[in-house]
Asker: 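Sending over a structure as structure tokens; questions will come in a sec.
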Amino acid sequence: MKRALLLLVVIALAGFAGAAWQIDRFLNSPINLAADSQTFEIAPGSPFTRVANDLEAAGVIDSALLLRLYARITDKAGSVQAGEYEIRADATPVDLIDQFIRGEVRLYSFTIIEGWNRWELLNALQANDHLDATLTDEDWASLLQELGAEESHPEGLFLPETYRFPRGASDRAILAQAYGLMKTTLAEEWENRSEKTKVDSPYAALILASIIEKETGRADERQRISGVFSRRLDIGMRLQTDPTIIYGIGADFNGDITRRDLRTDTPYNTYTRNGLPPTPIAMPGRDSIYAALNPAEGKEMYFVATGTGDGGHIFSETREEHEAAVQVYLQEQRRRLQGNP
């Protein structure tokens with residue numbers, strides 16, 4: 001009798017040990033993925049039973065039952081967060097549950113490009129399939145109020161950068177990040193500004209930086225262009241910069257600036273008005289903000305594009321030199337239009 005009882009105990013222990021080994025092997029072995037990663041979504045309000053069953057149905061795990069038992073024993077089932085997850089092929093079922101509890105959802109990217117204006121920014125937000133697009137052009141005022149902005153015009157207030165977000169995030173959330181980062185960046189650059197800068201406030205620096213951003217994409221020219229504009233501001237000479245003309249024309253701009261455009265007065269016409277325009281004309285990056293606050297020294301008062309397509313400019317100290325450089329630009333343009341090498 002004792003031998004029979006002992007045998008039953010041994011069998012029970014062996015069965016328990018076998019079950020424990022099987023459970024441990026399931027929980028700590030890599031999951032089944034055909035690729036390096038796979039997207040898995042947990043809908044809001046989903047009970048853990050559904051999560052486990054969906055994982056098994058998708059072929060990610062072998063046993064929903066074992067996963068449910070583990071989650072119940074460890075009291076983790078109720079802590080799983082909804083969202084879209086990117087699960088890795090080397091993850092274990094234990095790793096999955098921990099990832100779901102931490103809410104490490106899949107993140108997407110949205111990049112604000114240097115030189116975009118507010119309409120281009122809004123169009124890009126609306127075209128992003130992973131964002132919840134809520135804003136229209138009429139909503140800028142309410143957004144600025146939500147952000148606690150002192151400015152009443154949205155142009156230039158959002159730092160060009162790449163922002164990460166989970167699917168379904170609001171466009172307002174992206175802009176809140178971009179606005180906060182611009183405030184921080186502008187404050188840092190203003191604190192470290194050169195004594196030679198001719199702007200008298202961080203917002204004026206933002207305006208000048210936006211013009212520099214539209215004038216050149218070349219890092220080696222930003223401070224030189226800032227120097228030209230700073231010297232003009234210093235002596236009361238008009239900036240006469242085409243990007244402000246284009247911004248003032250707005251949606252009606254057809255790609256060509258005419259003499260009539262240069263003579264038509266708008267708040268952004270720097271050919272008819274002195275000083276800076278009333279607001280930025282684009283979203284400047286940190287480098288352009290730095291350039292606005294750290295103008296290069298020199299005597300150059302003019303610049304014109306080389307016309308060669310390299311994005312560069314010819315800088316001149318005198319009007320006569322500038323007019324000669326303009327002729328070089330026009331000749332280069334004619335040559336390129338004629339298809340000459």
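As the structure is a computational prediction, the values presented were derived from the model and not from experiment.
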Asker: Could you tell me whether D310 and R218 have a side-chain N and a carboxylate O separated by less than 4.0 Å?
Answerer: yes
Asker: Are the side chains of N32 and I61 in contact, using a 4.5 Å heavy-atom criterion?
Answerer: no
Asker: Strictly distance-based, threshold 3.5 Å: is any side-chain N or O of D171 a donor or acceptor partner for the main-chain N or O of L135?
Answerer: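 Pair found, side chain donor or acceptor close to backbone of L135.
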Asker: Determine whether D95 and D90 make a side-chain contact, defined as any pair of heavy atoms from C-beta on separated by less than 4.5 Å.
Answerer: no
Asker: Taking D265 for the side chain and T272 for the main chain, is one N or O donor matched with an acceptor at less than 3.5 Å?
Answerer: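 Answer holds: no.
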Asker: With ring-ring contact (aromatic ring centres under 6.0 Å, His included) as the rule and sequence neighbours excluded, what pairs involving residues 202-227 come up?
Answerer: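 Sorted pair list comes back empty.
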Asker: Any idea which heavy atoms bring R193 and T197 closest together, and the distance?
Answerer: CD-CG2, 4.2 Å
Asker: To the nearest 0.5 Å, what is the distance between CD on E138 and CG on L143?
Answerer: 13.5 Å
Asker: Assess the residue pair D139 and T136 against the criterion (side-chain hydrogen bond (donor to acceptor under 3.5 Å, both in side chains)); give the C-alpha distance rounded to whole Å, side-chain angles, the decisive distance to 0.1 Å, and a yes or no.
Answerer: CA-CA 5 Å; D139 294 323; T136 67; 3.1 Å; yes
Asker: Between L144 and L186, is there shared hydrophobic-cluster membership here, with clusters defined by ILVMFWY side-chain heavy atoms closer than 4.5 Å?
Answerer: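 Yes, L144 and L186 fall within the same hydrophobic cluster.
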Asker: Can you tell me how far CD1 of I42 sits from CD of E84, rounded to the nearest 0.5 angstrom?
Answerer: 11.0 Å
Asker: Within the structure provided, determine whether I211 and P277 are in side-chain contact (heavy-atom separation under 4.5 Å).
Answerer: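 They are in side-chain contact.
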Asker: Please tabulate, for side-chain N and O atoms in residues 64-72, each donor-acceptor pair with protein atoms closer than 3.5 Å (sequence neighbours left out).
Answerer:
| residue | atom | partner | partner atom | Å |
| --- | --- | --- | --- | --- |
| R68 | NH1 | N53 | OD1 | 3.1 |
| Y70 | OH | K76 | NZ | 3.3 |

Asker: Tell me the closest heavy-atom pair linking P284 and L206, and the distance in Å.
Answerer: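 Smallest heavy-atom distance, with atoms named: CG-CD1, 3.7 Å.
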Asker: Kindly say whether G180 contributes a backbone atom to a donor-acceptor pair with the side chain of T184 at under 3.5 angstrom?
Answerer: yes
Asker: Keeping S210 on the side-chain end and I207 on the backbone end, is there a donor-acceptor pair under 3.5 Å?
Answerer: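 Here the side-chain-to-backbone pair exists.
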Asker: Under the criterion side-chain hydrogen bond (donor to acceptor under 3.5 Å, both in side chains), I'd like the reasoning laid out for T244 against T270: C-alpha separation, chi angles, the key distance, then a yes or no.
Answerer: CA-CA 7 Å; T244 62; T270 52; 2.8 Å; yes
Asker: Among pairs that include at least one residue of residues 115-135, which meet salt bridge (charged side-chain N to carboxylate O under 4.0 Å, His left out), considering only residues two or more places apart or in two chains?
Answerer: R118-D137, R118-E155
Asker: D261 and Y271: side-chain donor and acceptor closer than 3.5 Å?
Answerer: no
Asker: List, by chain and then residue number, the residues other than I73 in its hydrophobic cluster (Ile/Leu/Val/Met/Phe/Trp/Tyr, side-chain heavy atoms under 4.5 Å); write none if there are no others.
Answerer: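 Its cluster partners, ordered by chain and number, are none at all.
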Asker: Does anything in residues 32-47 form a salt bridge (charged side-chain N to carboxylate O under 4.0 Å, His left out)? List the pairs, not counting sequence neighbours.
Answerer: E41-R167
Asker: Salt bridge (charged side-chain N to carboxylate O under 4.0 Å, His left out) with K196: which residues, sequence neighbours excluded?
Answerer: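 Salt bridge (charged side-chain N to carboxylate O under 4.0 Å, His left out) list for K196, sorted by chain: E297.
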Asker: If you compare all heavy atoms of L208 against all heavy atoms of S226, which two are closest, and at what distance to 0.1 Å?
Answerer: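 For L208 and S226, the tightest heavy-atom pair comes out as CD2-OG, 4.4 Å.
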Asker: Using atom types as modelled, flag every donor-acceptor pair under 3.5 Å from a side chain in residues 324-332 to any protein atom, sequence neighbours excluded.
Answerer:
| residue | atom | partner | partner atom | Å |
| --- | --- | --- | --- | --- |
| E332 | OE1 | R335 | NE | 3.4 |
| E332 | OE2 | R335 | NE | 3.3 |
| E332 | OE2 | R335 | NH2 | 2.2 |

Asker: Show me the pairs that pass ring-ring contact (aromatic ring centres under 6.0 Å, His included) and involve residues 175-198, at least two apart or across chains.
Answerer: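 For residues 175-198, and leaving out neighbouring residues, there are no ring-ring contact (aromatic ring centres under 6.0 Å, His included) pairs at all.
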Asker: Measure the spacing between CG of L55 and OG of S63 and express it to the nearest 0.5 Å.
Answerer: 11.5 Å
Asker: Can you see which heavy atom on R238 is nearest to which on R232, and at what distance?
Answerer: O-NH1, 2.9 Å
Asker: With a 4.0 Å cut-off, would you call R286 and E161 a salt bridge?
Answerer: no
Asker: Once rounded to the nearest 0.5 Å, what's the spacing between atom CG of L159 and atom CG of L181?
Answerer: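 Here the rounded value is 4.5 Å.
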Asker: Just verifying a value: how many Å separate I212 CD1 and T241 OG1, rounded to the nearest 0.5 Å?
Answerer: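 Between I212 CD1 and T241 OG1, I get 10.0 Å after rounding to 0.5 Å.
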Asker: Side chain of Q223, backbone of A291: donor and acceptor closer than 3.5 Å?
Answerer: no
Asker: Less than 4.5 Å apart, any side-chain heavy atom of Y163 and any of T111?
Answerer: no
Asker: Could you state the interatomic distance from CG (L147) to CD (Q145), rounded to the nearest 0.5 Å?
Answerer: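 It is 10.0 Å, given to the nearest 0.5 Å.
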Asker: Tell me if a side-chain donor or acceptor on E215 pairs with a main-chain N or O of P243 at a distance below 3.5 Å.
Answerer: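 No, the answer is negative, given that no donor and acceptor are paired below the 3.5 Å cut-off.
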Asker: Locate the shortest heavy-atom distance separating I225 from T216; write the atom from each residue and the value.
Answerer: CD1-CG2, 3.5 Å
Asker: Quick one: closest heavy-atom pair of I31 and I87, and the distance?
Answerer: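 In terms of heavy atoms, the two residues are closest at CD1-CD1, 4.3 Å.
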Asker: Suppose we screen for ring-ring contact (aromatic ring centres under 6.0 Å, His included). Which residues come up paired with F165, at least two apart in sequence or across chains?
Answerer: none
Asker: Please tell me if the side chains of I113 and P160 come closer than 4.5 Å, counting only heavy atoms from C-beta onward.
Answerer: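 A side-chain contact under 4.5 Å is absent here.
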Asker: Check the side chains of N294 and S194 for a donor-acceptor pair under 3.5 angstrom, ignoring hydrogens and angles.
Answerer: no
Asker: Between the main-chain N or O of I101 and the side-chain N or O of Q81, is there a donor-acceptor pair closer than 3.5 Å?
Answerer: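 Side chain of Q81 to backbone of I101, a donor-acceptor pair under 3.5 Å: yes, one is there.
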Asker: Mind checking whether N269 and L262 have side chains closer than 4.5 Å, heavy atoms only?
Answerer: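 Counting from C-beta outward, N269 and L262 never come under 4.5 Å.
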Asker: Do R231 and M237 have side chains that approach each other closer than 4.5 Å (heavy atoms only, starting at C-beta)?
Answerer: no
Asker: Is there any ring-ring contact (aromatic ring centres under 6.0 Å, His included) pair reaching into residues 111-150, and which pairs are they, with sequence neighbours excluded?
Answerer: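 Qualifying pairs: Y108-H130, W119-Y247, W140-F158.
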Asker: Taking the side chain as every heavy atom from C-beta outward, state whether L239 and V228 have any atom pair closer than 4.5 Å.
Answerer: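 No, every pair of side-chain atoms sits at 4.5 Å or beyond.
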Asker: Using a distance-only test with no angle check, is there a side-chain donor-acceptor pair under 3.5 angstrom linking S37 and R88?
Answerer: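 Checked: S37/R88 side chains show no N/O donor-acceptor pair below 3.5 Å.
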Asker: Has the side chain of T318 got a donor or acceptor atom that lies under 3.5 Å from a matching backbone atom of E321?
Answerer: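 Between the backbone of E321 and the side chain of T318 there is a qualifying donor-acceptor contact (under 3.5 Å).
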Asker: Under the rule for ring-ring contact (aromatic ring centres under 6.0 Å, His included), what residues qualify as partners of F315, not counting sequence neighbours?
Answerer: F303
Asker: Regarding T92 and N28, is there a side-chain donor-to-acceptor distance under 3.5 Å anywhere?
Answerer: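 Per modelled atom types, T92 and N28 side chains form no pair under 3.5 Å.
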Asker: Any side-chain donor paired with an acceptor under 3.5 Å for E213 and S288?
Answerer: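 Checked: E213/S288 side chains pair up, N/O donor to acceptor below 3.5 Å.
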Asker: Stepwise, does the side-chain hydrogen bond (donor to acceptor under 3.5 Å, both in side chains) test hold for T39 with R106?
Answerer: CA-CA 8 Å; T39 299; R106 180 180 182 181; 3.0 Å; yes
Asker: Taking ring-ring contact (aromatic ring centres under 6.0 Å, His included) as the test, write out the residues that go with Y290, two or more places apart.
Answerer: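 For Y290, no residue satisfies ring-ring contact (aromatic ring centres under 6.0 Å, His included) once neighbours in sequence are set aside.
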